[in-house]
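To start, the structure under review is shown below, and the notes come after it.
Naming convention: chains lettered A, B, ... in sequence-line order (proteins, then strands); numbering from 1 in each chain.
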Amino acid sequence: MSNKNIRVRFAPSPTGPLHIGGVRTALYNFLFARKNGGKFILRIEDTDQTRFVPGAEDYIIEAFKWCGIEFDEGVTKGGDFGPYTQSERKAVYKQYADELITSGNAYYAFDTAEQLSEKRAAFEAEKKTFTYNAAERLNMGNSLSLPKEEVERLLESGTPYVIRFKMPENEQVVMNDLIRGKVEVNTSVLDDKILFKSDGMPTYHLANIIDDHLMEISHVIRGEEWLPSLPLHVLLYRALGWQEPEFAHLPLLLKPDGHGKLSKRDGDRLGFPVFPLQWKDPKTGELSSGYREEGYFPEAFVNMLALLGWNPGDERELFDMEALIEAFSIERVNKSGARFDAEKAKWFNHQYLIKKSNIELAEAFMPILKEHHVLADKEFVTQVIALVKERATFVKDLWDQSFFFFVRPEEYDTKAVKKRWKAASYQQMTELKELLLNTEPFTASHTEEVVKKWIEENEYGMGMVMNAFRLLIVGALKGPHLFDIIALLGQEETVERISNGLLTLGKKE
RNA sequence: GGUCCGUUCGUCUAGUCAGGUCAGGACGCCAGGUUUUCAUCCUGGUAACACGGGUUCGAAUCCCGUACGGACUACCA
């Protein structure tokens, strides 16, 4: 399907790292755009200058790059609808705010923050809810309640003011949400939201609808936390005489423990990352872990995230980006919030790890080997990977599963020794050493054949011999098929390990 | 408090729009099997329609109510 008129956007504010809920929102936007042959835009919403965090924007861009979520337009990418950073569009917003005032849909308000909070406190004391709208606006200090001359005087004298939306009185607003269907609300419970702040910047509400309109956004796909302000946004489109886009409000990602939506503050408290990439708070220096640094593959991360709140309707679970694009539809997004399961995330990573080629994994494993001061040939590492990859969830797990291929055991697992190093072991292993010394070729299948035959002929007992043998080679009772291990280690190393073991463990009386 | 949104196994979910298979799958967990060990793997099992009414021959599904959960309620986004 191709539809040039489909345009969606992801519009984060650069106040810190993006958490996985934000990544999912972006992902759904991206999938929707690709699926429908539309465009995906990245816009930075930095209208709150006090909350700017250095590095946040770069973080966001890098995170999407890692995930494989690509933008068609936006910051760093350019396009015909720029600039894509709201602070650079400052001049645009004022003119529409003025237009709303002229058309009678907005007004100037001079109330100070103190006056406002006093008013709220007074209402609360009487157990009433203060709503700055038709019910109370005439009791406040604004261009609707004050005489015209007074308003002009205040404006000219440079008194700080904001511009508020004049919420219609007692009007039923009917809206449609692609995920939830019809949503209705009466304007009497809505307030005259501030559209333009006294610092000369628009608020989110004004800026986002102006930009969405100017950038010709066709579908606004965002988090459910925006649903309560949907009526305001719809009314703004109507006041400006603009065609409103379609809306879809995504269910929230919930904290796996307790309650509430997942937030940036959850950091590492839950035992898993909430951020795609590691983040270092520039102020406190505090470090929060990221999926990338934890060892997740971006494909696994994206796959896991995509299935949190959406499903294809059949029983498939493994999707690469291309398959996600093919299968995605906004109609199949769930309504209810999803708690995310760290165990399932690991399972996804395991699935992607075993799908990767041995060579690819070997390359990823080489730096880890280096950290352990192991110098190994890539060809050898690749063969090792083939034997152990099914046991690993992360590339870093490979070390625990394969270290004995690279370093000789220096000590032997105490429990295993107790259980498997018996009176006859010393003699049997000594014989085995001689046997292997004279076995050619030293392949897995041939050594296996020879050793098994020797065990049978001497009636030594398979479990008895093999466990002791494994103990000497690995240092513990674990690991892949023993004959595969010794074939990779080679005859010389195998024999030496047996000799060392005999020396260390000695005879047991 | 007010407004809005939501509610199927412990978790993610299918099934709900067009009422009618022992409510299906996956993760986890448990058991068994395979194996020289551990892990993997295979097989099996565990476990849910929030509650109460109504409509109907029949309700997870439609309607009403209740409860619970969540979001929002800033000159933040």
Q) Choosing from G2(B), A77(B), A74(B), which nucleotide comes nearest the side chain of R120(A)? A) A74(B)
Q | d(NE2, H249(A); C1', C4(B)) in whole Å | A | 11 Å
Q) How about Y59(A) and W279(A): are their ring centroids closer than 6.0 Å? A) yes
Q) With distance as the sole criterion, do the side chain of H481(A) and the base of U35(B) form a donor-acceptor contact below 3.5 Å? A) no
Q: Could you check whether L482(A) gets within reach of a base, just the sugar-phosphate, or nothing at all, counting any heavy atom under 4.0 Å?
A: base
Q: Give V162(A) one of three labels, base, sugar-phosphate or nothing, depending on what nucleic acid heavy atoms sit under 4.0 Å from its own.
A: base
Q.
For F297(A) and Y352(A), I'd like to know if the aromatic rings sit close, meaning centre-to-centre distance below 6.0 Å.
A. no
Q: Using a 4.0 Å heavy-atom cut-off across all strands, classify P480(A) as base, sugar-phosphate, or nothing.
A: base
Q: Would you kindly give the CG-to-C1' distance between L18(A) and A77(B), to the nearest whole Å?
A: 13 Å
Q) For D397(A), does its backbone N or O pair with a side-chain atom of D400(A) as donor and acceptor, under 3.5 Å? A) no
Q) Using a cut-off of 4.0 Å on non-hydrogen atoms, how would the nucleic acid contact of E124(A) be classed: base, sugar-phosphate, or nothing? A) nothing
Q. Which part of the nucleic acid does D111(A) contact within heavy-atom distance under 4.0 Å: base, sugar-phosphate only, or nothing?
A. base
Q | C1' spacing across the pair U21(B) / G15(B), given as an integer number of angstrom | A | 11 Å
Q: Compare the minimum distances between each of G24(B), C27(B), C75(B) and the side chain of I194(A), then state the nucleotide with the smallest one.
A: C75(B)
Q. When you check the gap from the basic side-chain N to the acidic O, do E317(A) and K344(A) get nearer than 4.0 Å?
A. yes
Q: May I ask you to evaluate whether K197(A) reaches the phosphate of C76(B), defined as a side-chain N or O under 4.0 Å from OP1 or OP2?
A: yes
Q. Under 4.0 Å between a side-chain N or O of K261(A) and OP1 or OP2 of C72(B)?
A. yes
Q. Do T131(A) and N133(A) get their side chains close enough for a donor-acceptor pair, meaning under 3.5 Å?
A. no
(Q) Assuming nearest nucleotide by heavy-atom distance, tell me which of P228(A) and D199(A) is located more 5' along RNA chain B. (A) P228(A)
(Q) Only pairs with both distances under 3.5 Å count, Watson-Crick or wobble alike; so what is the partner of C51(B) in this structure? (A) G65(B)
Quick test: give all pairs of protein nitrogen or oxygen and nucleotides 9-16 of chain B nitrogen or oxygen below 3.5 Å, distance rounded to 0.1 Å.
{"unit_1": "C12(B)", "atom_1": "OP1", "unit_2": "R339(A)", "atom_2": "N", "d": "3.0"}
{"unit_1": "C12(B)", "atom_1": "O2'", "unit_2": "L307(A)", "atom_2": "O", "d": "3.2"}
{"unit_1": "U13(B)", "atom_1": "OP1", "unit_2": "G309(A)", "atom_2": "N", "d": "2.8"}
{"unit_1": "U13(B)", "atom_1": "OP1", "unit_2": "N334(A)", "atom_2": "OD1", "d": "3.3"}
{"unit_1": "U13(B)", "atom_1": "O3'", "unit_2": "N311(A)", "atom_2": "ND2", "d": "2.8"}
{"unit_1": "A14(B)", "atom_1": "OP1", "unit_2": "N311(A)", "atom_2": "ND2", "d": "2.7"}
{"unit_1": "A14(B)", "atom_1": "OP1", "unit_2": "N334(A)", "atom_2": "ND2", "d": "3.2"}
{"unit_1": "A14(B)", "atom_1": "O3'", "unit_2": "R332(A)", "atom_2": "NH2", "d": "3.4"}
{"unit_1": "G15(B)", "atom_1": "OP1", "unit_2": "R332(A)", "atom_2": "NH1", "d": "3.3"}
{"unit_1": "G15(B)", "atom_1": "OP1", "unit_2": "R332(A)", "atom_2": "NH2", "d": "3.3"}

(Q) Partner lookup for C4(B), please. Criteria are Watson-Crick or G-U wobble with both distances under 3.5 angstrom; report none if nothing qualifies. (A) G70(B)
Q) On the ring face of F165(A), is K193(A) found with NZ or CZ under 6.0 Å from the centre and within 45° of the axis? A) no
Q) If pairing requires Watson-Crick or G-U wobble contacts with both distances under 3.5 Å, which nucleotide is the partner of A26(B)? A) U11(B)
Q: Could you work out the separation of G20(B) and G25(B) based on their C1' atoms and round it to a whole Å?
A: 22 Å
Q.
From CE of M167(A) over to P of G2(B), roughly how many Å is that when rounded to an integer?
A. 20 Å
Q) Taking atom P of A77(B) as reference, at what distance in whole Å does atom CD of E45(A) sit? A) 9 Å
Q. Mind checking whether F328(A) and Y28(A) have ring centres under 6.0 Å apart?
A. yes
Q: Could you tell me whether R120(A) and E124(A) have a side-chain N and a carboxylate O separated by less than 4.0 Å?
A: no
**Q.** Of the listed nucleotides A77(B), G25(B), U36(B), the one nearest the side chain of R470(A)
**A.** U36(B)
Atom pairs and distances, donor-acceptor, side-chain atoms in residues 49-56 of chain A, under 3.5 Å, two or more places apart:
{"unit_1": "T50(A)", "atom_1": "OG1", "unit_2": "D48(A)", "atom_2": "OD1", "d": "2.5"}
{"unit_1": "R51(A)", "atom_1": "NE", "unit_2": "D48(A)", "atom_2": "OD2", "d": "3.4"}

Q | P spacing across the pair U61(B) / A18(B), given as an integer number of angstrom | A | 15 Å
Protein-nucleic acid N or O pairs under 3.5 Å, nucleotides 39-43 of chain B:
{"unit_1": "A39(B)", "atom_1": "N3", "unit_2": "R391(A)", "atom_2": "NH2", "d": "3.3"}
{"unit_1": "U40(B)", "atom_1": "O2'", "unit_2": "E390(A)", "atom_2": "OE1", "d": "3.1"}

(Q) Under 4.0 Å between a side-chain nitrogen and a carboxylate oxygen: does that hold for E343(A) and K346(A)? (A) yes
(Q) Counting the atoms with a prime plus P, OP1 and OP2 as sugar-phosphate, which does V183(A) contact under 4.0 Å by heavy atoms, base, sugar-phosphate, or nothing? (A) sugar-phosphate
Q. At under 4.0 Å between heavy atoms, what does S13(A) touch on the DNA or RNA strands: base, sugar-phosphate, or nothing?
A. sugar-phosphate
Q: Rounded to whole angstrom, note down the C1' distance from A60(B) over to U7(B).
A: 12 Å
Q) V185(A) side chain: which of A77(B), C4(B), G2(B) is closest? A) C4(B)
Q) Counting just side-chain N and O atoms, does T47(A) come under 4.0 Å of either OP1 or OP2 of A77(B)? A) yes
Q. Given that both distances must come in under 3.5 Å, which nucleotide forms a Watson-Crick or G-U wobble pair with C41(B)?
A. G33(B)
Q: Show your working on side chain to side chain contact (heavy atoms under 4.5 Å, CB included) between R222(A) and N29(A) and close with a plain yes or no.
A: CA-CA 8 Å; R222(A) 73 224 303 194; N29(A) 271 284; over 6 Å; no
Q) In Watson-Crick or G-U wobble terms, both distances under 3.5 Å, what is the partner of C76(B)? A) none
Q: Would you please indicate if the ring centroids of F301(A) and Y296(A) are separated by under 6.0 Å?
A: no
**Q.** Sugar-phosphate, base or nothing in reach of R180(A), heavy atoms under 4.0 Å
**A.** sugar-phosphate
